[in-house]
Each structure stands twice: as C-alpha cells, then as structure tokens.
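In what follows, a single structure is set out as structure tokens and then discussed.
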2 protein chains.
Amino acid sequence: MDTSAFVTSLATSFAIFIVLLFLYSWLSRTSSNFVIYYPLRISRGLGPPEDVKSRSPWAWLREAWQASEKEIIDLAGLDAAVYINFLDAVLQILGYSAFFCVPVLVPLAVTSDNYSTAVRAPTDPAFGGFDKLSMGNIANKSRIWAFLIAAYWLSIVTYIVLWQKYKHIINVRDQVLSANARPEQFTVLVQNLPPPTNGTRSEQVDAFFRKLHPDAYEKCLVVTKLHKSSKLWTKLDSLKRKLKHAEAVFGQSKTKDKPEGIRPQHKTGFLGLVGAKVDTIDNSKEKIKDLSVKLQAEQKRTIAEEQEASAFAIFNNRAVAAEVSQSAIATIASKWRTSQAPEPEEIVWGNLSMPYLPQLFRKFGIYFLVFLIIIFYMIPISFVSALTSLDNLEKLVPFIKSIVKIKVLNTVLQAYLPQLALIIFLALLPSLLMFLSKLEGIVSHSHLVRATAGKYFYFNVVNVFLGVTISGTVFNALKKITKQPGQIVSLLDASLPPQASFFITYIALLFFVGYGLELSRLVPLIIFHIKKRFLCKTEEEIRDAWAPGPFNYHTHVPADMLIVTIAACYAVLAPMVLPFAIMYFALGWIIVRNQALKVYIPKYDSGGRMWPHMQARILAALVISQITMLGYFSVKKFVFSFLLFPLPIATLIFAYVCNKLFYTAFRVTPISLVSTDLKDMPSVASLVEAYTPTCLTPEDKFEDAEKFEDARSTATSRTSSGITSPA
Amino acid sequence: MDTSAFVTSLATSFAIFIVLLFLYSWLSRTSSNFVIYYPLRISRGLGPPEDVKSRSPWAWLREAWQASEKEIIDLAGLDAAVYINFLDAVLQILGYSAFFCVPVLVPLAVTSDNYSTAVRAPTDPAFGGFDKLSMGNIANKSRIWAFLIAAYWLSIVTYIVLWQKYKHIINVRDQVLSANARPEQFTVLVQNLPPPTNGTRSEQVDAFFRKLHPDAYEKCLVVTKLHKSSKLWTKLDSLKRKLKHAEAVFGQSKTKDKPEGIRPQHKTGFLGLVGAKVDTIDNSKEKIKDLSVKLQAEQKRTIAEEQEASAFAIFNNRAVAAEVSQSAIATIASKWRTSQAPEPEEIVWGNLSMPYLPQLFRKFGIYFLVFLIIIFYMIPISFVSALTSLDNLEKLVPFIKSIVKIKVLNTVLQAYLPQLALIIFLALLPSLLMFLSKLEGIVSHSHLVRATAGKYFYFNVVNVFLGVTISGTVFNALKKITKQPGQIVSLLDASLPPQASFFITYIALLFFVGYGLELSRLVPLIIFHIKKRFLCKTEEEIRDAWAPGPFNYHTHVPADMLIVTIAACYAVLAPMVLPFAIMYFALGWIIVRNQALKVYIPKYDSGGRMWPHMQARILAALVISQITMLGYFSVKKFVFSFLLFPLPIATLIFAYVCNKLFYTAFRVTPISLVSTDLKDMPSVASLVEAYTPTCLTPEDKFEDAEKFEDARSTATSRTSSGITSPA
C-alpha cells in the first residue's frame, strides 16, 4: 500500500468520525431522541441527565470517564462491567507494550536500510515510508536483540495484567454473587432422567432429593415440550397487540368533525390482501376468546402429557443447591446430570431435554462443520478480495474506469474497497454460528453467546488474520521469486511487515467509523423515527420500537479479539500498529462505558462468565504472536531465534495455571460464597413462577403480573423466554 | 533374524517354562513352602487347599479357572479383579482380531512373493521364512484391501470389547462401593486451608462445615508434620523387634547341657563392630523405656504445635461426605480444596499439605524431567543394543569368540542377548519413576501406582516399541540404500514387518520365563528359606520373611501394555504376532488369577481405579497402531490408504465419549451409590482411629490393638502407613 492511500484512508475515517461525533452531541439534546440515547436510564426510571439541554458536547465523556465500577454493575450488570474490564486489560497490555516498543524499536528500524539496499530500489512504490518503521527494515543482526527483548516484554506484560484482572474480576463477581439471592442459586437443573420405574417423573425426582436433603429440598418442576402451547401463546399475544393497535387507530380517528370515528377493518385472507372484509376490533376480540380457551386446554394437556426427561429442582438453601449442582449423581454420567439452573430469562427451553449421547455426537458434527466453514470460507473471501482490487474491477466493470480517473475517488476506493468487502462478508457469519451453537444443545443464552464468540474468534484468526497475512506475504514473495529465484527468504523477510499497513487502515476504519456509528446510533435513530411516524399506535409498540436490547457480545468480542491478535502479532514486528490499536481500545473503552450506562438494556446477567473465555482468547492471540515471531526471527536468519521457544510454552503453562486456580469459580458457584445468611429469601412460589415458561403461565395471572412488572422485565425477560422456547 | 535363531529362542523359552511348571507343582506340595505358595489363604485364615499333598499337578489350573469374580473380589479385592478383567479384555480383543487376521491375511501373504522377487534374492539370510507371513511379502495391490478391512476389524473389535468391559467394571464397582461402608466414604480430605483468622485450625474447619451440614458433620482431624514422631516411632519399633529377637536367641540357647543359656550381647558402636559390649536384652529394655517417654512427649508436641494446612473432615453420612468432596468451596481453587480421603492404609502423609501453586509447578518440572528421561534413555539403550549384538561383542571381548564357536550356544546367545540387555536396563526404571511421581505431591499410594504406570507406558512405547521399530526399520533400509539408492520406499516396505520376529521372541521370553518365574516363585522361595534358616528367630520375623505384599501394578501393567501395543501394531502387518500375544495373555490370565487367589496380599483397595487408566492406554496403543498402519499402507503405495484416516479420529472420539460417560464414576463417588441406608455404620471413634497416623497413636493403645488385629492388617496396614509417613 503506498503512503498516500494509507494517509487518505486514515484521514477519511477520521473525518467521518468527527461528523458522527457532532451529530451525536446535537441529536442527543433533542427530547424526541431521548429514548434512543438514554433508553437504559429511562427504563430504570432515571430519565435523561438533568442538564441534557444545556450541557457541553463533552459532558458524556466526563460522565463515562467518572462512573465507578459499582455504578456500572448496578445499572448495566456484571456482564457489561466485565466487558469494560476486558477492554481495560487490553489497553493496559498494549499500553505497556508500546511503552517499550515504540520509543526503542521504531528508531532502530527507521535508521536501518534493509529495504532501500538489500531488497530493492527505494523507488519501488509498494514500500511506503511507513513500512520502514518495521522490523523488515532491520539489516544489522545485533539490532534484532532489541526485538527479542520486546517479545519477552510483551509476554510478561500480558501475564501480569491478565493475572491481576482475573483476580479483580473474581473479587467483583464474588461480591455480586454472595450479596444477591438470585433464583438460579436456589435451583438445580437435572437433565437426562432415566424413565421412572414407578410413579411419575416428579415423584422420581422428589423421592431422590427428599431422601438426600429432607430439610433443604422443596419441590421440582418437570420440563415439558412447549412447542404447541408456545405457538398458541405467540398467536394470542400478537392478536392482543393487533386489538390494541386497532383500538388506538379507532381512537385517533375520532376527530371533532367525525366523533364516531372509523372502525378499522381488514381482509381475512392471505396477508390481508384477499378475502372477506371484517371489523378488526370485533374479529380480534372473538379470536382472542377462542384462543384463550384453546391455550388453557393446551396448557393443561402439556403439563400432564408432554413431560420430558429433565426438571428444575428447587431448594430453600443456596449452599445445598450449589453442592447438589456440582455432584455426580448416577454412575453413568449420561443420567441424572445436575448443573446450576440458568437464569430464568436466558433458558433455551428447546435444548433442556436433549438425550446425552446424541447431543455429544451432534457437538462433534457441529465442530466438524465449523471447521469446514472456517477452512472453506477463505475461498469466497479471497475471490472477493481479488475481485475488489481496483485493477481487476476496471477489467470486469469497464465503466468504473471513468470514476477511477477522478484522483481523490481513486485513492479513497483503493484504500477502502478491499476492507469493505471483507467487512460485509463477515457480517453474514455470526447468525450462522449462533444457529450452529444452538444446535449443539446449549441450555442458556449466555453460553450460546460464548460458544458463538469462540467459533467466531477462530474464524477471524484463520480467515482474516492468517488469510490476509499469508496471502499477502507469500503471494508477494512468490510474485517476485519468478524474477529473482533463490531469494525466497529475503523476500519473505521483506513482505511480512508491510502487511501491517493494511491492518492499520482496517483498524482505523473499524474504530473511527464503527465506534462513531455506535455512539451516534444513527441507524436505530432513523428506524425508530420511521416506525414511530408510520407504524406505531400504542404505547407498547413505541416502546418496542426504541428498546435497544443487550450488547451483542458474540460479535463485539470476536471483533475486538481480532484487533488484539493483530496488535499482538505486529507489536514487535511493526510497532506502529500499537498506537492505532491503543486508540481503538481507548475509544472503545469510553464509548462502551457510555453505552453501558445509558443505552443497552441487558436481558440477563451471566455473572461475567464471558471473562475466562476472553482471557483464554487473549492468550491464544499471544501464542499466535509468539509463533509468528519465532518464524519471522528465523526468516531474519537470527541465530538466537531459539531463545523465543520458551515463550509459547510459558503462555500455555500460564493459561493452565489460571484455569486451575480461577476457572472453577466461574464454572460453578463456590460453596463459601453462598453459605452466608441472607436477609430476604425468595419465596418458593416466586421461584416456581420464575421457572415456569411464559406460555404455561395461566393467562389471567400473566396479565396481572404484566401490570406490575417493572420496565426492565417487560422489555425483555418473560416475553423473550416464551418466544425462544420452541426452537 | 534368521529362522533357526527364531525357533531356538522359542524352544528355549518353552523348555524353561516346562521346568518351572514342574518345579511349581512339586514345591507347592511341601508343607514348609505353603507360606510361599498360599500366603493369602493363610493370612485370611483359610490355609492351603485341603488336598494339597495328593492333588494332581493341574489342580491349580482348575481352581484358577473356576473361581468366580465374586470370590476374587472377596479374597483379593476389586483391584485384582479389575486387573484380571483387563487381561480378559485384551485377550478378547486379540482373540477376535486373530479370528479374522490369521486365517485370512496369512494365506494371502504366504502366497505372495514380494520378498523373493521385488526386494532381493530369496537366499538373503536376513529374511527368515517367518517374515514371509507378513504384509511385507504382498506385491499385489488388490490383496491389500484385505489388510485394510483387517484394520477396521481390529478397531471395531476393540471399541466393542472396551465398551462392554467398562460397563461391566462400573457395575461391579457400584456393587462393592454401595454395599461396604468404608472409612474413606465418610471422610473428606480438605487441603490448602488458608491461615485461620481467629482460633485454631480445627475451629476454622469445624465452623465452616458445622454451619453447612449441622447434622452430618462430626469432627475434623488436622494433619500434622510427622517427621520427628515417625522417626522416634520407627526407632522404637525396631528396638522392640531387636528385643524380641534377642529373647528368642536367649531362649534357644537354653539347651539341656546349659539350662541357663547364653545371654546375647552386642557392641554399641558403629554397626555393632566397635565400642563397649553390652547385654542386648537389658540394653534394649532400657532404651525402649527411654524412647517411649520421648515418643509420648513428641506426640503431644506434634499434635499441639506441628499442625499443617490440611485436615480430614469426618461425617456420619456417606452421601453428604460425597457431595462435600465434589464441591468447590473457595473462589480461588488453591484454597479449601476438598476430595474424598484416600483409604487410611494408602495415605502418603508427607504430601498432604503441599501448597497448591508450588505443587503445580513441581508437577510441570517433573513432567519435563520424565520427558527428558523418555527421550534420552534411548541413548544408553541403543548403545547397549549395539554392543550386545554378537558380532560387536566378538570384537570388543575377543575371548567370546571361543564360546561363539559352539554352535548351540551361538544360536542361544544370538537369540537372547539383545533382549536380555533390554530387560535388565528396564528393570532399573520403575523405582525412579515411582520416586518422581511421589515428588509430584500425590496423596495416595494407588494414585502413585497409576502415575508411575502411565509414565512407564509412554517410556515403553517411545523407547522399546518405537525405538526398536524405527532403528530396526530405518537403519536396515539406510544400510541397503547405500547399495541401491532410489529404492528407499520399497526398502522401508521390506524392513518393517520383519521387526515382528524380534518382538515375537521378546514376547515369548517374557511370557514363558516371566510367567514361569511368577508362578513358581523361585526367588521368594529361596530368599525365604535363607532368611528363615539364618536370620529369623521370632514368629514376627518369619511372617515378615514370607509376607508377599500386593501386586506390583506399576510394573506389571506397563509391561502388559507394551505387549498390547506391539500386538495391536503388528496384528495387521504381521498377523503371526497375534498367536504369541494371545498365549502371553492367556497364560497371564490364568497365572494372575492363581496368584490373586493364593499369593499376593493387597495392602489397600483403590476400588478398581486403575481401569480408566488401562482403558486409555489400550486406546493409545490402538491410535499408535492406526497411525503405523496409515504410514505403512502409504509406503506400500496403496492409493486408498486415505481410507484409514477416519480410524485414529474414531478412536479419539471413542475415548472422549467413554471418558465423559464413565470416568466420573471413578474420579468421584456418585451420590446415588452412597445414598442407600447402611445396616452397620462405623463409629466416629473408629474413623478417628483410622485416620490417626500410627506414629501418633498412644503406645499402649497401639499394643492393645495389635493383639486383636487380624492377620491382614498386621501384615500391612498400620505399620506401612506409619513408615511411609515422613517421606
């Protein structure tokens, strides 16, 4: 990439960012936009900040900066706090690394002359001035020692930061878990029950636990097949919404001129386009009456006849429930499997009763499929990349030639086209991976998110990082080899570090444009205003139009991880990556804090269980970087390269030790946390209600409950758990 | 190896075996030898079989054959039963494999002519007639399909047999565990306690468990540093033995001629060689008095002052103890680690209180050391192997030439020398590996045995199996390559299967001579008679002289595993290995049953925990064999070799599934097993006594106890646990 394309890319990204920033501070003052910029505060009953109309454009920065961890946990939950801690950890690692790499390595590189002498003429346009700041420009062997020290520095800094963060997060998690009596702490999910020898399922479960813990065991809820009731419930719910909508339309049609109003009507046929015209309000009321009766009958039938081989066992003692959830019950592990129940809001009902062995084989099948996807997704991506290089486009789509002739546009296109192709292609993937993870039989949404993030990370590493690096490096070297055979090593040597500039522009695009859009929320804003004007009639519909949902950790985290991988791999080889990566995470850190405090409404809280996953992936990125360095140092024909061998082994040992020491506390609930006495215990009735799926709740009870529910659970919990159930 | 050497080796081995067999049936009838041939029956109070003097020489065979699994478990424990089950599983696997491989593959090989045509002249002496029975002799590609099918046959047979065996062993283990109330089921070992904030260690443990399980928790025993008390106790014990010995000598010296007898005397200086002469009986009595006082004081001091950071928590409810032992207590896993207590007799006292992190790093250190040993032990072994080939010996030790001229001796030496060198070298290893495993911080002897067996297995595979195969194959091929370069593949092709004859003679040596010695117990017999005649004076000394101790699983199992590996790898390539391997395991099966029923006295019973280890190693052997086949089929230039790829993957999946399904039941005690009501519960006092180390037991109590102890625990338990403690 030549220098002007590189600078153009950065400048454009920055310009877009500035525009978005101003848009944000202007739009967030308008009161009709408050539900877009402060939905969390509104749903928690806090409302927008008091000085919202008169505040300085930078007030949000100060607020995000000053918020304490406790405030974040109280408002946004532990998961958001852990995500911020992750950004913080990466910032620290990159910051400390830059502290050594930038002032020491860059001057060493810039005063060397490998590119201008050994490899090719300085006029070769493919080597920008920027490329000279990397290790590729080093010719003198003794200078490589500094890079070796940097490799150790990077690793040790990572270990120290991650160790402290892990301890900090465990600490925070401990406090949250021990203080709050959450329903899942009293509930044990028992899966894969064998067929009962005599009596019913619930008698079977009762008999076992009552004998074991006569004082602490209360009762069990057998899981049922929800498919039919859930279908009816969804239908009923949408009918109710339709009725309310029609009533609102009717109400609005009562103007002064026409006080009787116009009763809304619709056609009963396909999509409301054909069939007889009926009065919507009357028709809906009638249908609701019908369906309510049907649903009640179906609910009774489901509870009686559709029982499956799993159950929720409810205890009145958190410590005993924790013990039971950690114990092996049956000799063959595929029977009577116990685990702590997921939070009621995040249960994947359809997966609760999968038989064990088939599930195991399904998992293997899906891992294999994901493996294939990771390997073969490369093919379309490289095809698209090749296609989108400007030269190729010109050949394929001749009219582009006229556009290309405009100098500025040419530069912009050359800078952005390949990256844009990459980003669009990647946007299709998370949903596919989420779907596959669901097929694995995972029982909670937070676990689904973690599973998806893991798959996505490996995809990113193999396809984006390795794909771009290897194709860029090796193909570049191969291209030259045909001219100068026998120079393969020195060509590899020259070709790897320049890949850094591609990644720098990629990072810049992500952070300026990505985070700009994130902060300004332009897309949700536009959608909301369109919906509000043309579609929404009832309060409920308007609320649904602005309710933002939770963070999408399964796409955010792997995207960040990709930057971590890039930064770790190039930190030593091309240290100028570091300032950009640091900017990315600094901007991310402040904007995520802002969004956590004001925007996103969490559906559930996994208690920060994402952290071990994040930590493991950072270490995976570090291992990849250590192996890359080992390879590149060898390409440099540096005889002491073997001194890098202990690094990947040290990382693996560090990961193992952390896992051994800390992971248990995330996998299960440690007894000592839940053996303290509680001031207010949840009642058994409330636990039973929490673990009854919405579509099995008696209709009257549900409507009563709905009235008193606070904004949070209305926007999220029960509805979503009911809807996701029949998957 | 030429055919005559091969046949000589087999014949000699068989001749030795026949001699040992006759020795056994003759010697085992003499009543003075009963303690050598029937020690288990004697110590259990059964005595030798009734018809012992008049029985047929084959009676032992019938008895060993007919004994039911229940009898074996009752007499020898679950561990011995599991070992026999392992031999049985291997026999089945090899038997079913032979069922296909021998009648199908051998005729295919023997009617081919690769060796006589393609590779070299049929007169080449290095290719024995036996080598022609292997896949190396196949030239026709279409015949290789039969070998491919055999590879699948071998794998599938292994999966089926192992699956059924695992289920059978779990079943047996379940019955044994749920029926017997063993002290370790009521006891939880709590390790790595943090320093108590206030109060003593036992108050700290009491406070936690009493709050958690007020009804089920009884009390705790804090582990103490035993070094000093154990030293005193050992000294006292040996003095008491000395006194009894002296009294016995004195009693025997009272003949008719000299009714007053001769009082034994000894010198007090170094090794009893220098110093003043004293009366042994008086001197010992005096010293015992002194030491008893000292020991009592030391015991008090130890209990009060030498408390360490671990404790045994005693419960009155097996199910609760099992739950607690499986639960994570503290958030950081290095604190309050719980596990089921080891059986009192097998505790490694010195390892109970190792801090967690140092122990983890120690483990890494030891794994690294073992890795180095495995890699570099090859160097002396290959040196010795080269040295012991007859040609080399002639050069080094010229006088051997005269011996070699004797035709028979030459053949015998050529057949045995390399194998003998190998066997002797290997005999030194187990103690070293056992010592290293102990340094890892393992807390029970049965676990130590498993850890040693694991290390030994990998040593065997890398050094003996791979070492011999690779050096034999590759060096052989390399030797010829200098003559016919360009033929490397067909030379590799020709050189691998002939290694089978080396291994066949190795197996034959092991099973005929090894099992012959095992059955006839010649060495223990001779040692016992020498000791009895010249050293033993008291009853106790005589009992110690014959008491055989338990099976040495840590050497037996890896030796068997090596045969399994060899058999699995050559089963398809050179099927004639199979009959010999089957003979080995058939003989082993019957002789081990005999020894389990009559000879070895188990010290403790781990409840068959060796089985998952054995199963995993059989599968490891299978993976090695599958990879070997993959390689060899490719060397054969068979284009469908890729069809073998799924096999190692299938084995790994099978291992994973077995592990997931069955291993938990071995790692921990499943709750459902111990939630049944017991008829007779052990008293808390008896549990406390069991978990008090011998050297801390009050002396009078110990002597009282000794009188009533049954033969089994006298010969084994308390003494050994006391002696091993200060390690």
Side-chain angles (χ1 to χ4, degrees), chain A residues 166-167 170-171 173-174 177-178 208-209 211-216 317 319-320 322-338 356-357 359-361 363-364 367-368 649 652-653 656-677, chain B residues 166-167 170-171 173-174 177-178 208-209 211-216 317 319-320 322-338 356-357 359-361 363-364 367-368 649 652-653 656-677:
Chain A
Y166 218 139
K167 287 215 283 195
I170 279 197
N171 227 339
R173 184 177 141 92
D174 278 10
L177 284 194
S178 64
F208 183 79
F209 285 118
K211 183 165 174 23
L212 197 61
H213 292 291
D215 300 332
N317 182 324
V320 171
E323 277 188 352
V324 170
S325 72
Q326 295 176 39
S327 300
I329 306 246
T331 329
I332 307 290
S334 64
K335 300 287 167 213
W336 282 92
R337 292 195 303 137
T338 57
Y356 186 66
L357 262 189
Q359 188 193 339
L360 219 55
F361 282 106
K363 218 174 181 175
F364 286 124
Y367 286 167
F368 184 64
I649 294 164
L652 293 180
I653 290 179
Y656 179 81
V657 169
C658 281
N659 203 42
K660 272 275 180 188
L661 277 184
F662 304 133
Y663 184 54
T664 316
F666 285 86
R667 201 170 43 81
V668 298
T669 306
I671 310 295
S672 62
L673 283 190
V674 287
S675 63
T676 47
D677 293 317
Chain B
Y166 218 138
K167 287 215 282 196
I170 280 196
N171 227 339
R173 184 177 141 91
D174 278 9
L177 284 194
S178 64
F208 183 80
F209 285 118
K211 183 163 173 23
L212 197 62
H213 293 292
D215 300 331
N317 183 323
V320 171
E323 278 187 352
V324 169
S325 72
Q326 294 177 39
S327 302
I329 305 245
T331 328
I332 307 288
S334 64
K335 301 284 168 215
W336 281 92
R337 292 195 302 134
T338 56
Y356 186 66
L357 263 190
Q359 188 195 338
L360 220 53
F361 283 106
K363 219 174 177 176
F364 285 124
Y367 286 168
F368 184 64
I649 295 166
L652 292 180
I653 290 180
Y656 178 81
V657 170
C658 281
N659 203 41
K660 273 274 182 190
L661 277 184
F662 304 133
Y663 183 54
T664 318
F666 284 86
R667 203 171 40 81
V668 298
T669 305
I671 310 295
S672 62
L673 283 190
V674 287
S675 63
T676 48
D677 293 317

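Protein chains get the first letters and strands the later ones, always in sequence-line order, with residue 1 at the start of each.
Proximity to chain A (any heavy atom under 4.5 Å) is shown, for B:F666, by neither the backbone nor the side chain. Interface remark: A:T664 contributes side-chain atoms only to the contact with chain B (heavy atom separation under 4.5 Å). A:K211 touches chain B through its side chain: at least one heavy atom from C-beta onward sits under 4.5 Å away, while N, CA, C and O do not. Contact annotation for B:L177: neither backbone nor side-chain heavy atoms come within less than 4.5 Å of a heavy atom of chain A. Contacts of A:L360 with chain B are made by side-chain atoms alone, with heavy-atom separations under 4.5 Å and no backbone atom involved. Using a 4.5 Å cut-off between heavy atoms, A:L661 contacts chain B through both its backbone and its side chain. Only the side chain of A:V668 comes within contact range of chain B, with at least one heavy atom under 4.5 Å from a heavy atom of that chain. Proximity to chain A is absent for every atom of B:N171, based on heavy atoms less than 4.5 angstrom apart. The part of A:F361 that comes within reach of chain B is its side chain, from C-beta onward, which places non-hydrogen atoms under 4.5 angstrom from that chain.
Between chain A and the residues B:R173, B:R667, B:K167, B:K660, the most heavy-atom pairs under 4.5 angstrom are made by B:K660. Heavy-atom pairs under 4.5 Å with chain A peak, among B:I653, B:D215, B:N317, B:V674, at B:I653. Top candidate by heavy-atom pairs under 4.5 Å with chain B, chosen from A:L673, A:V320, A:L357, is A:L357.
Summarising the geometry, atom CZ belonging to B:F662 is positioned 7.5 Å from atom OG belonging to A:S334; distances are rounded to the nearest 0.5 Å. A:I332 CD1 to B:I170 CD1: the interatomic distance, rounded to the nearest 0.5 Å, is 4.0 Å. One finds the OG atom of A:S675 at 6.5 Å from the CG atom of B:L212 (value rounded to the nearest 0.5 Å).
Relative ring orientation between B:Y656 and A:F364 is described as perpendicular, the plane-to-plane angle rising above 60° on a 0-90° scale split at 30° and 60°.
For B:I329 against A:P670, the heavy-atom pair with the smallest separation is O-CB, 3.3 Å. Of all non-hydrogen atoms in B:T331 and A:A665, the two that sit nearest each other are O-CB, 3.2 Å.
Looking only at distances, no side-chain donor or acceptor of B:E323 sits under 3.5 Å from a matching main-chain atom of A:V324.
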Starting from the C-alpha separation in whole Å, work towards a yes-or-no answer on side chain to side chain contact (heavy atoms under 4.5 Å, CB included) for B:S672 and A:F208. CA-CA 8 Å; B:S672 62; A:F208 183 79; 4.1 Å; yes
